[in-house]
Visitor: 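Below you'll find the structure I mean.
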Amino acid sequence: MPELPEVETTLRGLAPALIGKTVREVHIRQPKLRWPVPPELPALLNGQIIRRLHRRAKYLLIEFDRGTLILHLGMSGNLRIVSAATPLKKHDHFDLLLDNGTTMRLHDPRRFGAVLWHTGDAATHPLLAALGPEPLGDEFDGTTLYRATRNKTAAIKLVIMDQRIVVGVGNIYANEALFRAGIRPQLPAGKLSRPRCTALAGEIRATLTAAIAKGGSTLRDYVSSDGSPGYFQQEYWVYGRAGEACRRCGESVRLLRLGQRASFYCPHCQH
DNA sequence: CTTTGCACCTGTTGGC
DNA sequence: TGCCAACAGGTGCAAA
């Protein structure tokens, strides 16, 4: 479920509920996530104060004095703040109990998510060290994208989803940004002109920013005992609309498969 | 080194 | 209604 905007929304929802709180208990109900949840987490975290929260790509980083808890929501995960009395649901794998009686609860049916620990600077963790620039940061722009795509024959959609080129662009927003930039997903990356790279980098940024803004508007419901934590349904230009009329020109939206992922485009609006 | 496809899971959907 | 295959928004890693 979570693409970068959902992770960012989760971060913003969690931060005020977590920062400054002391961990009272840690419950690992299902240690078999993408990687084993470190069994020493309770000993490491009990009594520790949550200092700061960060996001790097789609990783959520919860910083303590002695290290960083690294969380990933995978394909189906979510994190919610619930009261201590909230009954457990199936796939509630991990709880962080706080000193004010609330709990941060990880729910992840498919278990592609992760709960890891790293001592010291989180940026040095093997999973984070090789990541490319943040799409919303200053280091990603048309020039970056232009340089990164030279001599690449791979489809542009695969390239913008490559975490070494730019992080956090998942399947939905890759499709949407390419539509908005007027670029077909299967176009060999190396064939993109510099102006088209500039346009695409801008649309990646704009698409993600707009989705975060949408998510932010539902944040007031974030800390609740039931219901979905502010996941937002928005209208897509092409994603999931194979065979339907293009919202811009009416042409039938096409579906193709790139790197085993469904890819959508309008043959009239994208070239 | 780069590029490709698999693997990890459960839940939902659509065709027969 | 039941059954089964296909697919799902992520992404690291082994294999080529």
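To find a chain, count down the sequence lines: A is the first, B the second, and so on, and within it residues start at 1.
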Visitor: For A:Arg241 and C:dG9, give me the distance from atom CZ to atom P, rounded to whole Å.
Guide: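 Rounded to the whole Å, the gap is 17 Å.
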Visitor: Salt bridge check, A:Arg180 against A:Glu203: does any charged N sit closer than 4.0 Å to a carboxylate O?
Guide: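 Counted as a salt bridge, because a side-chain N and a carboxylate O are separated by less than 4.0 Å.
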Visitor: Tell me if a side-chain donor or acceptor on A:His93 pairs with a main-chain N or O of A:Lys90 at a distance below 3.5 Å.
Guide: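 A pair under 3.5 Å: no.
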Visitor: With the side chain counted from C-beta on, respond yes when A:Leu73 and A:Thr10 share a heavy-atom pair under 4.5 Å apart, and no when they do not.
Guide: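 Result yes, sub-4.5 Å side-chain heavy-atom pair found.
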Visitor: Keeping A:Gln48 on the side-chain end and A:Val23 on the backbone end, is there a donor-acceptor pair under 3.5 Å?
Guide: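 Not at all, since once roles are kept as given, no pair shorter than 3.5 Å links the two residues.
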Visitor: Could you spell out the base pairing of DNA chain B in dot-bracket, with Watson-Crick or G-U pairs whose two distances are under 3.5 Å, [ ] crossing and | to another strand?
Guide: .|||||||.|||||||
Visitor: Rounded to whole angstrom units, what separation is found between the CG atom of A:Asn78 and the P atom of C:dG9?
Guide: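 Checked: the CG to P distance equals 17 Å.
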Visitor: Expressed in whole Å, how much space separates the P atoms belonging to B:dC6 and C:dA6?
Guide: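 Looking at atom P only, B:dC6 and C:dA6 are 14 Å apart.
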Visitor: Return the nearest nucleotide to the side chain of A:Ala262; candidates are C:dG9, C:dG10, C:dA8.
Guide: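 So the nucleotide nearest the side chain must be C:dA8.
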Visitor: Does A:Asp95 come within less than 4.0 Å of A:Arg29, counting only side-chain N to carboxylate O?
Guide: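 Yes, A:Asp95 and A:Arg29 are salt-bridged.
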Visitor: Would you indicate, yes or no, if C:dG9 has its OP1 or OP2 atom less than 4.0 angstrom from a side-chain nitrogen or oxygen of A:Tyr239?
Guide: yes
Visitor: With a 4.0 Å cutoff (strictly under), does any side-chain N or O of A:Tyr59 reach OP1 or OP2 of C:dG12?
Guide: yes
Visitor: Determine the Euclidean distance between corresponding C1' atoms of B:dT12 and C:dT11; express it in Å to zero decimal places.
Guide: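 It works out to 22 Å between them.
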Visitor: Send over the distance from A:Gln163 CD to B:dT3 P, rounded to a whole Å.
Guide: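 Checked: the CD to P distance equals 16 Å.
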Visitor: Please measure how far the P atom in C:dC7 lies from the corresponding atom in B:dG5, and state the result in whole Å.
Guide: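 So the two P atoms sit 15 Å from each other.
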Visitor: Does any non-hydrogen side-chain atom of A:Phe140 lie less than 4.5 Å from one of A:Glu134?
Guide: no
Visitor: Measuring from the side chain of A:Asn171 (C-beta onward, heavy atoms only), which nucleotide among C:dG12, C:dG9, C:dC7 has the closest atom?
Guide: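 Given the options C:dG12, C:dG9, C:dC7, the side chain of A:Asn171 is closest to C:dG9.
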Visitor: How long is the line joining CG of A:Leu116 and C1' of C:dT11, in whole Å?
Guide: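 Computing the A:Leu116:CG to C:dT11:C1' distance gives 13 Å.
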Visitor: Tell me whether the OP1 or OP2 atom of B:dT2 has a side-chain N or O from A:Lys152 closer than 4.0 Å.
Guide: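 No, A:Lys152 has no side-chain N/O under 4.0 Å of OP1/OP2 on B:dT2.
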Visitor: Please report, rounded to the nearest Å, how far the P atom of B:dT3 is from the CZ atom of A:Arg261.
Guide: 19 Å
Visitor: Check this one for me: any side-chain N or O of A:Arg257 less than 4.0 Å away from OP1 or OP2 of C:dA8?
Guide: yes
Visitor: Could you give the distance separating C:dA14 and B:dC9 at their P atoms, to the nearest angstrom?
Guide: 16 Å
Visitor: Taking only N/O atoms, report every protein-nucleotides 7-10 of chain B pair under 3.5 Å with atom names and distance.
Guide:
{"residue": "B:dC9", "atom": "O3'", "partner": "A:Arg111", "partner atom": "NH2", "Å": "3.2"}
{"residue": "B:dC9", "atom": "O2", "partner": "A:Arg110", "partner atom": "NE", "Å": "3.0"}
{"residue": "B:dT10", "atom": "OP1", "partner": "A:Arg111", "partner atom": "NH2", "Å": "3.0"}
{"residue": "B:dT10", "atom": "O4'", "partner": "A:Pro109", "partner atom": "O", "Å": "3.4"}
{"residue": "B:dT10", "atom": "O3'", "partner": "A:His91", "partner atom": "NE2", "Å": "3.1"}

Visitor: Quick one: A:Tyr236 OH to C:dG9 P, roughly how many Å, whole number?
Guide: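 From A:Tyr236 OH to C:dG9 P: 10 Å.
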Visitor: Please report the distance, rounded to the nearest Å, between CG in A:Asp108 and C1' in C:dG10.
Guide: 11 Å
Visitor: Can you see if the side chain of A:His72 gets near the phosphate of C:dT11 - specifically, an N or O under 4.0 Å from OP1 or OP2?
Guide: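 For A:His72, the contact criterion (side-chain N or O under 4.0 Å from OP1 or OP2 of C:dT11) is met.
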Visitor: What is the ring orientation for A:Phe64 with A:Trp117, classed by angle as parallel under 30°, tilted 30 to 60°, or perpendicular over 60°?
Guide: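 Taking A:Trp117 first and then A:Phe64, their aromatic rings sit tilted (interplane angle of 30° to 60°).
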Visitor: For A:Leu158, report the nucleic acid contact type (base, sugar-phosphate, nothing); a contact means any heavy atom under 4.0 Å.
Guide: nothing
Visitor: Would you call A:Glu8-A:Arg55 a salt bridge at under 4.0 Å N-O?
Guide: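 Here A:Glu8 pairs with A:Arg55 in a salt bridge, since their nearest N and O are under 4.0 Å apart.
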Visitor: Using a 4.5 Å cut-off between side-chain heavy atoms of Ile, Leu, Val, Met, Phe, Trp and Tyr, which other residues end up in the same hydrophobic cluster as A:Leu116?
Guide: A:Trp35, A:Tyr59, A:Leu61, A:Ile70, A:Leu127, A:Leu128, A:Leu131, A:Val167
Visitor: Is a side-chain donor or acceptor of A:Gln270 paired with a backbone partner of A:Ile183 at a separation under 3.5 angstrom?
Guide: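 Here the side-chain-to-backbone pair exists.
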Visitor: How many whole angstroms separate atom CD1 of A:Ile212 from atom P of C:dG9?
Guide: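 About 19 Å, once rounded to whole Å.
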